[in-house]
2 protein chains.
Amino acid sequence: MEENIPDNQGGARHSRSNCELSQLSQLAELPVDTLKELARICRPLRFQTGQIVAHEGERPDFIGFVHSGILRMQKTLEDGRQHIVGLLVEGDMFGRVFDGPLNVSVESVADAEVCAMQRAPFESLLLRSPELDRVVLLNILDELDRARDWMIILAKPKVKERLAGFLMVLCSRFAGVDHILRAGSGTIDVKIPISRTDLAHLLGSRPESISRAFHALADGGSIAIKKPDLIEIQDMDALCVVAGDEDAGNHPTMEHLLEFLHGRDD
Amino acid sequence: MEENIPDNQGGARHSRSNCELSQLSQLAELPVDTLKELARICRPLRFQTGQIVAHEGERPDFIGFVHSGILRMQKTLEDGRQHIVGLLVEGDMFGRVFDGPLNVSVESVADAEVCAMQRAPFESLLLRSPELDRVVLLNILDELDRARDWMIILAKPKVKERLAGFLMVLCSRFAGVDHILRAGSGTIDVKIPISRTDLAHLLGSRPESISRAFHALADGGSIAIKKPDLIEIQDMDALCVVAGDEDAGNHPTMEHLLEFLHGRDD
DNA sequence: CGGTATTTTGAGTATCGTCAAGGCCAGTGG
DNA sequence: CCACTGGCCTTGACGATACTCAAAATACCG
């Protein structure tokens, strides 16, 4: 039960009759006829904060493309506790093409729109469209990279380092996602999308330690805590140093980010 | 330079004129003509312990299928330190199909045989063979799962828990790999394939703490240290409890493993 | 058998998890 | 409009754990 595409009874709301697939940058370059076929088999779904999109162990009848909002992937441990293994944002895909049940649950962290592609026709289209297949493949490869980046961050011995790494990820990979980053005057405001408790699960720590780590970073001068979930980044380079610089020289500079954000805000 | 398939000058040795592709269980089910095409574009390579198979940031001209031995994937941090993000064993694939440069280095931990598929013809074959495409897709999805499992393990607060989780992974996912597991009398001997230092990097700790964690597990009675790199597992259930049981009720039992190993040894 | 690298042990310090209490904010109801 | 309530974040104190540095013991290799 409940393995089908969620309907109104299930809690999700159909927002429009079809998705605006071309807004997803990865799909935009697909051939027109492929896009048309995609549009035919996809259903837009809306989820409110806290709703379950897919359950671990089930095999939903759809493959999801996140259109807006933020979802979190989590695994349920034996003792019932949930452990976050990643966040999904605009443009991300979830669901196991050609494969068995999910091994993560997906839950909306903020109000989210998801394009649900019916599994069977999507897989069949995948076989006929090499371009779509390629997009899906690259998407998964991308997610693999993200998981590896998380591994590097999680392997840091100190909470402060892991938290700094997390903030760097928000500034790089999540930079394009609306409502997360906002340009200030020579600084950048970061809206932390999840609670301290969730952040603690994600970083393998406790809420108290996360809180202390935030304030330790603030005392160091690299960030300021405007509100508990609104962080102002004052010194990106210092943050990189604390984070231990996961990817050698691959981090965004403050100037580059500000430029990017000002471009987006106009 | 050195972005091509390693040749004899580069250190890797061609072992035979063609790979025994059918030995790789995932490929065995492919259509015969696809296998033939694969055989034509693949080169067997041999690597000795410590050899670099592929450099981070490069885009090797081949996609690798591990035939035997163990390789490790690692990222180079800014300070030059290397951080292990995963191990590759028999049946695993590496190299980014249809995509840019690698973002991990691959290095052989033990003498290894790798089937190197020339990139261009492999990608072209991928477009023509849906079955091969599916195999590749599932392989990457699998690796994504493994990365997520690592995240769960890495997020454990105590080193002892992470180490127990690592041992459980060796007993489940690496069970089929030769020379890692060996059946004892009601116990299982595990050959730790990497040094304490590497293990420390993998688990986000230090060699000293890893050593202490090993001995703490031994004092608890769940394992015995026969040699520094040869661990006898005496109580798998106890080990699961210490590990915190990542995947609810998904761990192998001692009996099941012993049965499996005895079947293999005959 | 000697030399080197790896592993182990020890002592001291820093960090983190735990428990408990207090503060901040939003929503509710008088 | 204000007091109350509940959830989340913060702070403090204390014990447990892990990191650091240094040295000893062991294993490995020729």
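For the numbers below, each heavy atom of this structure counts, side chains included, while hydrogens, waters and symmetry mates do not. To find a chain, count down the sequence lines: A is the first, B the second, and so on, and within it residues start at 1. Computed from a prediction, not measured in an experiment: that's the story for all the values here.
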Does a nitrogen or oxygen in the side chain of [X] sit under 4.0 Å from OP1 or OP2 of [N]?
{"X": "A:S211", "N": "D:dT10", "result": "yes"}
{"X": "A:R206", "N": "C:dC16", "result": "no"}
{"X": "B:S205", "N": "D:dC19", "result": "yes"}
{"X": "B:S195", "N": "C:dT6", "result": "no"}

For a 4.5 angstrom cut-off between non-hydrogen side-chain atoms, does [X] reach [Y]?
{"X": "B:I192", "Y": "B:L170", "result": "yes"}
{"X": "B:E56", "Y": "B:Q82", "result": "no"}
{"X": "B:M168", "Y": "B:C240", "result": "yes"}

Does B:R173 have more than 12 heavy atoms from other residues, nucleotides or ligands lying within 6.0 Å of its CZ? yes
Starting from [atom2] on [N], measure out to [atom1] on [X] and report it in whole angstrom.
{"X": "A:I225", "N": "C:dG23", "atom1": "CD1", "atom2": "C1'", "answer": "15 Å"}
{"X": "B:D219", "N": "D:dT17", "atom1": "CG", "atom2": "P", "answer": "13 Å"}
{"X": "B:R196", "N": "C:dT9", "atom1": "CZ", "atom2": "C1'", "answer": "14 Å"}
{"X": "A:R162", "N": "C:dC16", "atom1": "CZ", "atom2": "C1'", "answer": "9 Å"}
{"X": "B:L203", "N": "D:dA18", "atom1": "CG", "atom2": "P", "answer": "12 Å"}
{"X": "B:I192", "N": "C:dT8", "atom1": "CD1", "atom2": "C1'", "answer": "16 Å"}
{"X": "B:K227", "N": "D:dA25", "atom1": "NZ", "atom2": "C1'", "answer": "17 Å"}
{"X": "A:K158", "N": "C:dT13", "atom1": "NZ", "atom2": "C1'", "answer": "12 Å"}

Nearest to the side chain of [X], heavy atoms from C-beta on, is which of [options]?
{"X": "B:P228", "options": "D:dC19, C:dC16, D:dA27", "answer": "D:dA27"}
{"X": "A:P157", "options": "C:dT8, C:dT7, D:dC19", "answer": "D:dC19"}
{"X": "B:E208", "options": "D:dA22, D:dT10, D:dA18", "answer": "D:dA22"}
{"X": "B:V159", "options": "C:dT9, D:dC19, C:dC16", "answer": "D:dC19"}
{"X": "A:T197", "options": "D:dA18, D:dT10, D:dC9", "answer": "D:dC9"}

Quick check: on DNA chain D, is the nucleotide nearest A:F214 upstream (toward 5') of the one nearest B:E161, or the reverse? Name the residue that is more 5'. A:F214
Side-chain donor or acceptor of A:D111 paired with backbone N/O of A:T49 under 3.5 Å: yes
Got a donor-acceptor pair under 3.5 Å from the side chain of B:R212 to the base of C:dG10? yes
